[in-house]
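Quick notes on the structure that follows.
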Amino acid sequence: MRSALGLPTRWAAILCLLAALFCLIQPSASVKEHDFKKCDQSGFCKRNRAYADNANTHSSTWSSPYEVLPETAKFKDGQWQAVILKTINNGEKAALPITVSLLKSGVARISIDEEKRQKKEIELRHNSKARKERYNEAEDWVIVGGLELDKQAQVAFQDKSQANIKYGGDDKFEVVIKFSPFEVDFKRDDESHIKFNDRGLFNMEHWRPKIEKEKTEGDDSKAEENAKTDDGEDESTWWDESFGGNTDSKPRGPESVAMDISFVGYEQVFGIPEHTGSISLKQTRGGDGNHHEPYRLYNTDVFEYILDSPMTLYGAIPFMQAHRKDSSVGVFWLNAAETWIDIVKGKDHKNPLSLGKGARTSTHTHWISEAGILDVFVFLGPTPRDLTKKYGELTGYTAMPQEFSVGYHQCRWNYISDDDVKDVDRRMDKYKIPYDVIWLDIEYTEEKKYFTWDPHSFADPVGMGQQLDTHGRKLVVIIDPHIKKVDNYAVSSDMLSKDFAVHNKDDETYEGWCWPGSSNWVDCFNPKANEWWKTLFKYDSFKGTLENTFLWNDMNEPSVFNGPETTMPKDNIHFGNWEHRDIHNLNGLTFHNASWEAMASRKKGEMRRPFILTRSFYSGSQRLGAMWTGDNQANWEHLAASIPMVLNQGISGFPFAGADVGGFFGNPDKDLMARWYQAGIFYPFMRAHAHIDSRRREPYMLGEPYTEILTKALRLRYALLPSWYTAFFHANRDGSPIVRPMVWTHPSEESGFAIDDQLFLGTTGLLAKPIVEKDKFSTDIWIPDDEIYFDYTTYQILKTQKNKRVTVDAAIDSVPLLMRGGHIFPRRDIPRRSSAAMRFDDYTLVVTVSKDGSAEGDLYADDGDTFDHEKGQYIYRKFSLADGTLSSVDAEGRSAKSVKAGGWLKAMSQVHVDRIIIVGAPASLNVKEVQIASEGKTWAVKVDYHSAEKGRAAFAVLGRVGAKISEDWSIKI
């Protein structure tokens, strides 16, 4: 939501005055950055960057102090294990057990732990109750499959210097482990693609006791000397660290883990959301156009975030991909602690064959996490599809959403009453503006107490929900993880009496400030707390909620207004005695998960898919719902930034993503609103949202022609809902992005890899490039191939060339949208008020004929509500145009009798194909009718043929077709 202080009025006024005075002496942009750490303000990041600088400065003499003990190496059933010894400056050794797991999927996994902490042979400071081990339970929250070992993997070679292991089924993959110094080389087809520690930056800070030194007061030189160890290391941030008036005690001392990972021969890397900026990640060590700071993954409430920045935002997915022509690889760094990632690029001169003009550019990354074990998965591709599929096998695929959630969501902070909600609902109908969901922000509650309703403003939530339900619409209410600490509030007293809240470093219930004022935070790492959380959502507990009520989880980073960097102290204690530093980036996922389980069990036997929006997320959150990009601003720059952010989420495994349409902060002008809706219809999650101080801006408030412009955009979204839902199906089946950047769809065209302002929608061949600049009425679309492209609205044939841009006009009431030849996509063309009203409408199929006269596409449909699709209650059709025949068959070869039809499937048996529009229609269709065959019958279908003229393609409209959507049919054309 937004960062504000929810304090008593007197204190709020004082703080606002201080903030105003502060703004007078500080540039506004720097205020936001000032509240969050840079690398040199984060002790472990600074230390590891210095470690890298030292290695680079002395590269000719530098050698990593880590080596594998050859006698400890053993291999069995796809798993290689050994012990790495770290030589410490004083000559001592630290033992680090390593496991290399070769998985049946072709993915490799490297895990490194620290023996002394593993065996709990360390001492904690400050009488801390924290665990002594490095955190090793992220897997329990994140990994859902894909861990079966490749028992066919074989050691091809091993001596006292290295081990070579072949894996990946046909032995096309190989991992080479060098013992001294420790390095790992991942190869595909005998070529190196990914290397660990080839620059010698691997660093696992071993446990050491705190040596108390004589305190010095007033003697800066003595204090500086005391901050150094006998070996000259700076230990000033080893044992405690302060920032922004908060001090972090560190009972385990320094425990960071870092590794350099090189993508050999790859010039561009992608992923690691959430950040603003291009999907092709920038270098982080300075230089023209580069960042000076590493990319940071530390989920935080960064309100009014700045653009083109490696600063942390609300979510973290530590999955990075590297792409070059016809080759893609990736790594997944499974660590939930604060993480920084440096990126540098350079020519590879180690291979004498690559010297000179042909020298390849490699990307060198440096991953640095504050705590936890080192746990990294390696993907050797070779395609982008392979990466997203294998990553999804591990962390889960996008859940099939409630169908309504793919529609348009209307929200603001805040609709002020139940009458206000009902009035918005009526006026949207009056102006014939389709929408599916209206949202309530925090003001619906009684004094910010979740699971309550304000008795004055929302006196009749049931009546409100019933009106929405009558119109086929849903209500989403916000529930955050902070629980107001106040007497006579059953949720609070119950949580505290059962000890279900997060603890502070002294093992007492943690108290901080958020919207309600003094608050406690439910600890969703605690299974019993999650069971309790479920009880709060029962219909008879959360009175006023109905079956059409769904959920919004905000502030779950967690946001703590008076906490360090607006979040929870790292030395807080969670269930299992893990410190918050160990699990911080997982926190949002655990709350999202608890809410998902609660919504799924509201009523015994109900078994409906939850819809839950989350702000904070981690790898695996895609299994639970949708995300949005947080508190953006109502300006053109933030509109432009939203598209690469959404695309990056898609290729990083969490494609159900969107941005606040119109911008959260500020008052957009009407042209900006028009262009933002035209862009927003291409977000997988489309929600308009606005700050409480922003002017009302529901589409009907804009006046003509803008109300009609927004409505036109929304009707396009709704017409294409069958295609959107089919795209979600593919994401659910194999991890495919819902909206796809050029790097994913055309991995052979390197010139398109960095293009992140245009997208393909699923498998439709629809290529969109929304206008994101003021007073611009045309745009240049990059064409990735030699196929034919048509204008979506006019059927004009674009004069295109592969790897060239084509100019497309787009007046303020239109969005640049092309159709690639060779595709068939479904629509529903009758304008309706909501997706529920379209549920059993007939379909239109649009066929765009390719240069070779063919086309293909598909349609997936289910009841959009329950889990019956997991029992075969769905329709999945494959459409094709080949050899002069247009046909529909079951995509999986299922017969109509193979699945016993439930209520929804029976109803769908009365849903038909109404029209077929063939763009680029052959002259053979210049006839009055064609014959269709289906279910053993044949009948005539009218043809309305339009010859090509003035650059417009020939097209034919077939209708009424009359074939059942669920049955096989064919038409000879």
Side-chain angles (χ1 to χ4, degrees), residues 37 40-51 54 65-66 85-96 112-136 203-258 337-338 368-374 503-508 564 568-574 577-584:
K37 288 182 179 180
D40 64 1
Q41 295 169 308
S42 179
F44 75 93
C45 183
K46 183 179 181 179
R47 292 195 300 273
N48 279 284
R49 252 194 165 189
Y51 189 90
N54 182 52
Y66 296 85
L85 278 190
K86 174 185 180 180
T87 301
I88 304 166
N89 289 342
N90 59 15
E92 295 180 12
K93 307 280 188 180
L96 311 172
I112 304 176
D113 206 337
E114 181 184 356
E115 187 176 82
K116 191 174 284 286
R117 295 186 205 258
Q118 204 176 43
K119 294 180 177 180
K120 305 180 184 179
E121 296 174 351
I122 70 169
E123 298 173 6
L124 299 181
R125 303 174 64 240
H126 315 300
N127 298 312
S128 173
K129 303 293 184 183
R131 291 279 281 268
K132 294 182 177 181
E133 307 100 303
R134 289 178 175 270
Y135 183 64
N136 59 2
N203 185 32
M204 190 169 246
E205 292 187 316
H206 60 283
W207 182 81
R208 74 291 308 275
K210 170 78 163 96
I211 300 174
E212 301 296 340
K213 298 184 179 181
E214 180 183 348
K215 290 186 178 181
T216 58
E217 295 182 9
D219 186 347
D220 292 343
S221 61
K222 186 70 173 174
E224 188 175 329
E225 186 63 29
N226 277 350
K228 294 185 180 297
T229 66
D230 293 340
D231 300 315
E233 292 183 278
D234 180 5
E235 61 174 318
S236 59
T237 56
W238 281 8
W239 314 108
D240 55 63
E241 188 171 353
S242 297
F243 180 79
N246 294 275
T247 298
D248 172 23
S249 67
K250 298 186 178 182
R252 295 189 298 243
E255 54 179 330
S256 74
V257 57
E338 178 184 353
I368 308 166
S369 291
E370 182 178 18
I373 65 170
L374 184 144
H503 286 202
N504 63 19
K505 64 180 179 181
D506 299 318
D507 206 26
E508 300 166 344
M568 193 170 278
K570 289 180 175 180
D571 49 13
N572 275 3
I573 303 292
H574 287 264
N577 289 335
W578 294 111
E579 280 195 294
H580 186 72
R581 85 179 73 252
D582 297 315
I583 55 82
H584 174 83

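Just so you know, these numbers use all the heavy atoms, side chains as well, and skip hydrogens, waters and symmetry mates. Just so we're clear, the structure is a prediction, and the values are computed from it rather than from any experiment.
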Grab the two heavy atoms, one from [X] and one from [Y], that are nearest each other, plus how far apart they are.
X	Y	answer
Tyr51	Pro65	OH-CD, 3.3 Å
Leu374	Ala258	CD1-O, 4.5 Å
Asp240	Ser249	CB-CA, 4.3 Å
Ser242	Thr247	OG-OG1, 2.7 Å

Kindly indicate whether the side chain of [X], heavy atoms from C-beta on, has any atom under 4.5 Å from the side chain of [Y].
X	Y	result
Glu235	Pro254	no
Lys116	His206	no
Phe44	Thr237	no
Asp248	Arg581	yes
Asn89	Glu233	yes
Trp207	Glu255	no
Glu370	Lys250	yes

Considering only NZ, NE, NH1 and NH2 on the basic side and carboxylate oxygens on the acidic side, decide whether [X] and [Y] come within less than 4.0 Å.
X	Y	value
Lys132	Glu121	no
Lys86	Glu92	no
Asp234	Lys46	no

Heavy-atom donor-acceptor pair, [X] side chain to [Y] backbone, under 3.5 Å:
X	Y	result
Asp582	Trp578	no
Tyr66	Met204	yes
Glu241	Gly43	yes
Ser369	Ala371	no
Arg134	Gly372	yes
Lys37	Phe243	no
Asp571	Lys505	no
Asn504	Asp507	yes
Glu133	Gln118	no
Arg49	Asp40	no

Nearest 0.5 Å please: distance from the [atom1] atom of [X] over to the [atom2] atom of [Y].
X	Y	atom1	atom2	result
Glu205	Asn203	CD	CG	5.5 Å
Ser128	Ile573	OG	CD1	4.5 Å
Ser42	Asn48	OG	CG	9.5 Å
Ile373	Leu96	CD1	CG	12.0 Å

With a cut-off of 6.0 Å (strictly less than), are more than 12 heavy atoms of other residues, nucleotides or ligands near [atom1] of [X]?
X	atom1	answer
Gln41	CD	yes
Lys129	NZ	no
Lys210	NZ	yes

Could you walk me through whether Trp238 and Arg208 pass side-chain contact (heavy atoms from CB on, under 4.5 Å), step by step? CA-CA 10 Å; Trp238 281 8; Arg208 74 291 308 275; 2.8 Å; yes

Mutual orientation of the aromatic rings belonging to His574 and His580 [parallel < 30°, tilted 30-60°, perpendicular > 60°]: parallel

Take Arg252 and Arg117 through the side-chain contact (heavy atoms from CB on, under 4.5 Å) test and state the conclusion after the steps. CA-CA 9 Å; Arg252 295 189 298 243; Arg117 295 186 205 258; 3.7 Å; yes

Sequence neighbours excluded, which residues qualify as side-chain contact (heavy atoms from CB on, under 4.5 Å) partners of Asn246? Pro564

